2 protein chains.
Amino acid sequence: MKDQLRCQSCGLTPLCLPVGMSEAETEKLDSIVHRNTPFHKGDHLFRQGDKFKGIYVITSGSVKSYYINKHGEECIVGFYLPGELIGLDAIHNRVYSCSVAVLETTSACEVPFSQLQNLTSEIPSLQHQLMCLLSKEVHNDCEMVAILASHSAEERLASFLLSLSSRYKSRSLSALEFNLSMSRTEIASFLGLAVETVSRTFSRFQEQGLLEVNRKQVKLLDIEALADLGGQYPHELNSGIPLNG
Amino acid sequence: MKDQLRCQSCGLTPLCLPVGMSEAETEKLDSIVHRNTPFHKGDHLFRQGDKFKGIYVITSGSVKSYYINKHGEECIVGFYLPGELIGLDAIHNRVYSCSVAVLETTSACEVPFSQLQNLTSEIPSLQHQLMCLLSKEVHNDCEMVAILASHSAEERLASFLLSLSSRYKSRSLSALEFNLSMSRTEIASFLGLAVETVSRTFSRFQEQGLLEVNRKQVKLLDIEALADLGGQYPHELNSGIPLNG
DNA sequence: CGCACGCTTGAACATGCTCAAAGAACGTGG
DNA sequence: CCACGTTCTTTGAGCATGTTCAAGCGTGCG
């Protein structure tokens, strides 16, 4: 295992499980983590119905979580960026309820749950942090519910972009300029809109000078105006508006 | 404290925190629980922005969780029935992000979080169950996201009714006939629809013989057909389709 | 009894969807 | 390295679903 691939030297530590843990404790956690070779676009971390093995943490790249509805359509439930935990919803019934596929070349840590659970009894701050991350996930999901219940396409897309923005920001990346790793179709599925509506809304935002968009490349020009359209849910003051972390 | 108001004799135990705990452990948990006098319609358990004190469990009645958007409108994020935990999203940042108001006369247990956290280090099954309940909440919220992203009003209302149905069922109440404690306006806000659309959709369902509805009283006649309209998200096999538990 | 509120229903309008087509980027294979 | 086909994105036009505005009705409460 290479040096940069250890919890102790990982830049995502402040967002991840080791928060509040001593070096020795972090070492213990590190020893149970599996680090697979990078996944490529289209690869799956796991599939809907698979037996729950553990939690995944994205370290680079991004993934989508989706299920197939009875019409055979792919319904996207969330996107995950580096530092975000995947599979938390499978703890209680020991089965992954969604499939998770990779959107671009992506690395992830796999944390076997039974071993993680053993560690939590030894390491109180690990237990605490795991609970905090679960709680945060609940918070983010509630926010997403609020976004989707707000009707207009503009509101939804604006909230989506602001969410990405703040999530990039909390990872020390640019909050104003970033690449969308997901297609228009995937954004549409996630936001409950038609592809054409997403595309048109992007164009309208650009005409209004709210942003510049060129395929995957997005540059937010007027965060204020976007925030006026979207994000009304009471989110945390400092960590922005993650929406499905 | 009256006898029926103890965890040891509470009928909701199989859904609540004491799952898997010994009698002695349950007793410990019971000793930290506050049981307030019943709340009445319009009362608040807490308000958006209040400092996080603890988790609430509804024991009878029902409540809504909502926030006020910048247009001054009430946006409903969830409804909670007996046995469901409230405030889980506030663990990580120690502030309630929504207000919770009572829809009808309601009793609730208040579990102070700092004391609960102390107990979790002593009682492994409490820690495990708390994590399971958090995980379940994440699962339910993801399901709600899926419901709201699915476009049509019929799908949303059908999913909503099926959710209530399965939640009543898991509480040993009738899955087919129940009272809506929330108004049409509140259902509309939750589902991201206009009141009129909710009302019309109820009427259409009734015309189609899917259900009988008379103000708050609902009787589901054709669960199959309703399920064909709604609930496509991969939910647990046995516990039905809770949507915001 | 009367008023207010919540629910229902109707009609016109608007937003977003569907269908259709064309242009731009990407990957493959020659 | 270029040609080609495929896929993704954008844009347009007509249509459908749901919203808005308005009015009427039933229920419950003072």
Side-chain angles (χ1 to χ4, degrees), chain A residues 40-42 64 69 71 73-76 101 103-105 147-161 179-208 211-219 229-230, chain B residues 40-42 64 69 71 73-76 101 103-105 147-161 179-208 211-219 229-230:
Chain A
H40 299 290
K41 185 169 180 168
K64 65 178 173 185
N69 72 14
H71 306 295
E73 298 157 343
E74 176 182 298
C75 300
I76 294 184
L103 294 170
E104 60 192 320
T105 302
I147 290 173
L148 289 177
S150 74
H151 330 243
S152 90
E154 292 197 349
E155 266 176 68
R156 294 187 191 187
L157 187 60
S159 297
F160 174 68
L161 292 171
N179 261 62
L180 302 170
S181 56
M182 65 294 286
S183 70
R184 297 287 188 274
T185 308
E186 288 163 336
I187 297 173
S189 166
F190 182 51
L191 297 179
L193 297 169
V195 200
E196 296 91 331
T197 304
V198 171
S199 184
R200 270 186 258 269
T201 308
F202 264 121
S203 302
R204 204 175 322 138
F205 282 171
Q206 183 158 243
E207 282 165 29
Q208 295 168 349
L211 51 74
E212 277 171 20
V213 59
N214 190 320
R215 318 243 338 141
K216 305 274 188 192
Q217 193 78 32
V218 175
K219 187 173 177 181
L229 283 172
Chain B
H40 300 289
K41 186 170 179 169
K64 65 178 172 184
N69 72 14
H71 307 295
E73 299 156 344
E74 176 183 298
C75 300
I76 293 183
L103 295 170
E104 59 193 319
T105 302
I147 290 172
L148 289 176
S150 74
H151 331 242
S152 91
E154 292 196 351
E155 268 176 67
R156 294 187 191 187
L157 187 60
S159 297
F160 175 69
L161 292 171
N179 262 60
L180 301 170
S181 56
M182 66 294 288
S183 70
R184 296 287 188 274
T185 307
E186 286 164 337
I187 296 173
S189 165
F190 182 52
L191 297 180
L193 297 169
V195 201
E196 294 91 331
T197 305
V198 172
S199 184
R200 270 185 259 269
T201 308
F202 265 121
S203 302
R204 204 174 323 138
F205 282 171
Q206 183 158 243
E207 282 164 30
Q208 295 168 349
L211 51 74
E212 277 172 20
V213 58
N214 191 319
R215 320 248 332 146
K216 305 276 188 191
Q217 192 78 32
V218 174
K219 187 174 179 180
L229 284 173

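First the proteins, then the strands, lettered A, B, ... as listed; each starts at 1. Every value quoted in this text rests on a predicted model; they were computed, and no experiment measured them.
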Does OP1 or OP2 of [N] have a side-chain N or O of [X] closer than 4.0 Å?
X      : N      : value
B:K216 : D:dT27 : no
A:R184 : D:dT10 : yes
A:S203 : D:dT11 : yes
A:T197 : C:dT15 : no

Give a yes or no on this: more than 12 heavy atoms of other residues, nucleotides or ligands lie within 6.0 Å of atom NZ of A:K216.
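Yes, NZ of A:K216 has more than 12 neighbouring heavy atoms, counting only those of other groups under 6.0 Å.
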
Just the rounded figure in Å: distance from C1' of C:dT9 to CZ of B:R215.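 Value for this atom pair: 14 Å.
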
- prompt: For A:E155, does its backbone N or O pair with a side-chain atom of A:S159 as donor and acceptor, under 3.5 Å?
  reply: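 At least one qualifying donor-acceptor pair exists.
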
query: Does the B:S189 side chain pair with the main chain of B:T185, one donor and one acceptor, at a distance under 3.5 Å?
result: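 No; zero donor-acceptor contacts below 3.5 Å.
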
Requested in this report: Taking the side chain as every heavy atom from C-beta outward, state whether A:L157 and A:I187 have any atom pair closer than 4.5 Å.
Outcome: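 A:L157 reaches A:I187 side chain to side chain.
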
From C-beta outward on [X], which listed nucleotide comes closest to its side chain: [options]?
X      : options                : value
B:T185 : C:dG16, C:dC7, C:dT18  : C:dC7
A:L193 : D:dT19, C:dC17, D:dG18 : C:dC17
A:A153 : C:dG16, D:dG18, C:dT18 : C:dG16

Looking at every strand, decide which applies to B:S199 at a 4.0 Å heavy-atom threshold: base, sugar-phosphate, or nothing.
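Base contact.
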
Exercise. Would you say the base of D:dC21 and the side-chain of B:E196 have a donor-acceptor pair closer than 3.5 Å?
Worked result: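 Check passes, donor-acceptor contact within cut-off.
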
Quiz question: going by heavy-atom distance under 3.5 Å, is there a donor-acceptor pair between the base of C:dT18 and the side chain of A:R200?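 Counting by modelled atom types and ignoring angles, a donor-acceptor contact under 3.5 Å is found here.
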
